[in-house]
> 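So that we are looking at the same thing, I have put the structure below in structure tokens.
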Amino acid sequence: MSYTPHTGTADALAAQRRTLARRLILPTQILLVFIVAFPLLMQVYISLTWWTPLDGTLWYSAYESWNWFDNFAEIFRDPGLHGAVWRTILFVSIAVPIEFGLGLLLAALFYEGVLARPVFYSLILMPMMIVPAVAGYIFFLIFQQTGPLNALVGIVWDGAYQINWLNDVNRAFIAVIVADVWQWTPLMFLILFAGLMSVPHDQMRAATILGANWRQRFFRIALPRIKAVIFIAIGLRVIECFKIFDMLFVMTSGGPGVATESLSLYLYKQTFQSLEWSYVAAIGITVLVVLSVIAAIILTRTSRPSNTSEAS
Amino acid sequence: MSSVTLEQTSKKFGDFTAVREMDLAIRNGEFVAILGPSGCGKTTTMNMIAGLEDVTSGTIRFDDRDVTEVSTQKRGVGFVFQSYAIFTHMTVRQNLAFGLEVQGVEQAEIDRRVGDMAEFMALGHRIDVPSAGLSVNEMQKLAIGRSAIVEPSIFLLDEPLSNLDAAFREKMRAELRGLQRALKQTMVYVTHDQIEAMGLADRIAVMNHAVLQQFDTPVNIYARPANVFVARFMGAPGMNIVNSRVTEGGVLFGGRDADFVALSREDMATLRHHGERDLLLGFRPEELRLGEVGAPGSIAADVALVETVGRRKIVHLVSGTTAFHGVCDRGVPVRAGEAVGVTISPDKVHLFDTETEARLQWPVEATHG
Ligand SMILES: Nc1ncnc2c1ncn2[C@@H]1O[C@H](COP(=O)(O)OP(=O)(O)O)[C@@H](O)[C@H]1O
Ligand SMILES: [Mg+2]
């Protein structure tokens, strides 16, 4: 069956069918592009203007206050933003390594059968299931001056009730890190443990027979084989942790002062307190670009053949 | 290089017995095959020798040293897995060096021995290649070389050829035999392939259902199977086993009361003090002769089916209600539907007890040799 008899070859026929197929899926494609692309394009558009709700202009008339790259230039000048970015980076580079270390330790203990009981799995994974805002609330209570933590320390040391956690610049930072570690170590554990389980059993046994002890097996066979998984786990947590918001919002609202103000919290305050909408759009785009570049670097690293853990 | 002795060694997984009271004495430098159907406990036996599984009861000795409680790392065995378990994230060199490195051998010594082993295994030109890219042939060599380099006292190989195709397997079998001679190692080789076991081993340990059935040379296992299982398992097709009855005049073949099978003088002497009784008569398909119906001393049978397999014919025979088969040369003119006379030479007859299925002739003293 052919619509146009003069193009009789099978190739031409196939090409026609492809064209038809493309036309049929076109509406869906347009819808998808719109859903994905519109918010981004709108953000780019707004970021090039001085649009703010105070003017009362409609969003598509924002070009009236067109200012080219002033918002992006402001990004380099804004000490509040720099402080927030710096704190977020500090937060990520303390919290994620701790989560990775603890997650790996737990994964190793489970892998070697030290802790392998189903009840422990569910216990360990529980924090991950909790809504971050609720986790923040839990730790908000725990770190109260009259809360359970001070009560516990109070058993051995009377001075404990003097410690004010969330109202002290350094202690508040420690407290939010503790909360994040509590909530997200389970995810690290889960990913790393799944990775370890995929290491061929025979290879571990072959290493044992060759005389390798527990540590040598773990560091020379298991870890190198799950390199890709480690990259993915850390990459995932770095990106997620960089966006931390709800837990902080509940625990400290960025305080005391700006001591625990993360990038997301800063953006929130710019949006709803300073009403700097086009500036926030510019920051949002910049962050998106930077995180994408980091993700791309991680992905190319992990997909390089020398780093993949191929099964035997 | 050392001998390996298992004494009354058992392994249970819960209530399930994977190996039952195994006695096995493997000599220094010997190449022993453990042969048996899938799930009979071969791998478990190897794992116990290697220390990968604790024994439930019994003793394991290397030479005079009791290693039952010694950890895997300290037993000094080499183990080649069916999967070869090559460390595919390392190069050939790193694979070879691994055992020496974890044992703290100094670097100069490692370099020398790795170089020597790579040459010996004909992997010299591939030494810095990532091992994931090796061919199956090279992987097997690497697996053996990696184990051999730490100079294990014994070498265990668990079905190393079973995931190769038939033609390649024959080539590797020959290479393996050559390697064993060159390395002068005590080797224990697990297989479920009787041809492999026959071709490779100095002695074969036949297992079934967690129990060692017979441990002897390939020739003896073929010529003097210790019981019906071994008789049927070895040879392709396996031995014919026919319900028979001993009477005054000799052994009555099958369900008929017409045909007698001639026995050797020794066998008659063995059977004499049993009186009249039932027994299982065994004879190998390739050791019967087809002739004229009614030839003296022959059993009358009908040819049900003839299969031609390569240069041989497998002849399916029926005598009364007893079915058995014979193997003859392709040139022998035999066709389905014919009546033939089957002769079995008296010295090729095997007799087994109906109840225990154990061999009745020549008490098999070599089983626990
Ligand atoms: N870790 C284990 N737990 C329970 N049963 C096992 C275990 N390992 C082996 N078995 C059982 O023991 C029997 C013998 O296994 P194995 O020694 O691997 O047989 P094979 O002769 O095929 O190598 C099998 O039925 C197997 O299911
Ligand atoms: Mg097995």
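Below, each value reflects all heavy atoms present in this structure, side chains not excepted, and no hydrogens, waters or symmetry copies. Lettering follows sequence order; numbering is per chain, from 1. Just so it is clear, the structure is predicted and the values come from calculations on it, not from any experiment.
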> Can you tell if the side chain of A:I226 reaches within under 4.5 Å of the side chain of B:H89, non-hydrogen atoms only?
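Result no, sub-4.5 Å side-chain heavy-atom pair not found.
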> Would one find more than 12 heavy atoms of other residues, nucleotides or ligands at under 6.0 Å from atom NE2 of A:H201?
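Count not over threshold, so no.
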> Taking non-hydrogen atoms and a cut-off under 4.5 angstrom, which of residues 94-115 of chain B neighbour chain A?
B:F98, B:G99, B:E101, B:V102, B:Q103
> Could you tell me which non-hydrogen atom of A:A212 sits nearest to which non-hydrogen atom of B:Q73, and how far apart they are?
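Distance-wise, the nearest heavy atoms are O-NE2, 3.1 Å.
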> Name the region of A:R215, side chain, backbone, both or neither, that has any atom closer than 4.5 Å to a heavy atom of chain B.
neither
> If you count heavy-atom pairs under 4.5 Å with chain A, which of B:Y84, B:F81, B:F79 comes out on top?
B:F81
> Does atom CH2 (A:W214) have a neighbourhood of more than 12 heavy atoms from anything else shown, all under 6.0 Å?
yes
> Going by residue number, which parts of residues 134-150 of chain B are within reach of chain A, meaning a heavy-atom gap below 4.5 Å?
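Within residues 134-150 of chain B, the residues under 4.5 Å from chain A are B:R146, B:S147, B:V150.
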> Mind checking the CD-OG1 spacing from A:Q203 to B:T88? Nearest 0.5 Å is all I need.
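So the CD of A:Q203 and the OG1 of B:T88 are separated by 5.0 Å.
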> Looking at CG of A:L210 and CZ of B:F87, how far apart are the two atoms once the value is rounded to the nearest 0.5 Å?
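One finds 5.5 Å between CG of A:L210 and CZ of B:F87.
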> Taking atom types as modelled and ignoring hydrogens, do the side chains of B:T72 and A:R205 form a donor-acceptor contact shorter than 3.5 angstrom?
no
> For B:D64, does the CG atom have more than 12 heavy-atom neighbours from other residues, nucleotides or ligands under 6.0 Å away?
no
> Check whether more than 12 heavy atoms from other residues, nucleotides or ligands sit under 6.0 Å from atom CD of B:E69, and answer yes or no.
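Result for CD/B:E69: open.
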> Roughly how far apart are B:I86 CD1 and A:D202 CG, rounded to 0.5 Å?
11.0 Å
